[in-house]
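Data first, discussion second: the structure below is written as structure tokens.
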Amino acid sequence: VVPFLNDKSNILGTLVAVVAHPKSVDKIPDKFVAQLKYTSLCVNSSSIFMYTANVCCGGKWGGHSSDENNPYGSSGRGGVGDIYALRNIERTVLYGPSLTATPLLDLAKPTPPILLDILHAVSVSKTAGAATMKILLILIVALIHTIVPNVLLEAVFGAKALKPYGGPF
């Protein structure tokens, strides 16, 4: 796998490589990681997280040093990030969780209505203060919507409401 990925007549570019290993990141040998000629390597993670980590947290994003003599010149020269001005950074490796673990964000499930309401409030607000006030109002309404029906139903009928915030009426 490593020779194929490093042969730039097969795959252009040296910015980032994404390696997916289904069981555990502990099973990917360091030798494999060290031999890859990419500046950024994502193990069980998306490259967008790597770019963010590099630019904001001190990693390096740019063409691998081996790409400077590449006749294709596919990844450019230099890099961004490296906010600590470290010398001789060869690569940044970002390890994600095991692919058998439950994902933090499951795009196969519908987004909770309260989150959609908050995202909408933030996107239409002209200032951070207005967005904050709208978010607080959404949270207060959701809390009242959850507590009041339950208290009334329990007091009057001795039953609890099962309807969540944003659920069908």
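Count residues from 1 along the sequence. Values below: all heavy atoms of this structure, side chains included; hydrogens, waters and symmetry mates excluded.
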Contacts of type side-chain contact (heavy atoms from CB on, under 4.5 Å), residue [X], not counting sequence neighbours:
X	value
Thr111	Leu115, Leu116
Leu94	Ser45, Phe49, Met50
Ser125	Ala130, Ala131, Lys134
Ala20	Asn44, Leu99

Nearest 0.5 Å please: distance from the CG atom of Leu143 over to the CD1 atom of Ile138.
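Leu143 atom CG to Ile138 atom CD1 measures 13.5 Å (nearest 0.5 Å).
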
Common cluster, [X]/[Y], ILVMFWY with side-chain heavy-atom separation under 4.5 Å:
X	Y	result
Val18	Phe32	no
Leu36	Phe4	yes
Ile135	Ile114	yes

I need the single residue from Leu137, Ile144, Leu139 that forms a side chain to side chain contact (heavy atoms under 4.5 Å, CB included) with Val141. Which is it?
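Passing option: Leu137.
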
Could you tell me if the side chain of Leu41 sits less than 4.5 Å from the side chain of Val19, heavy atoms only?
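Val19 vs Leu41: side chains touch.
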
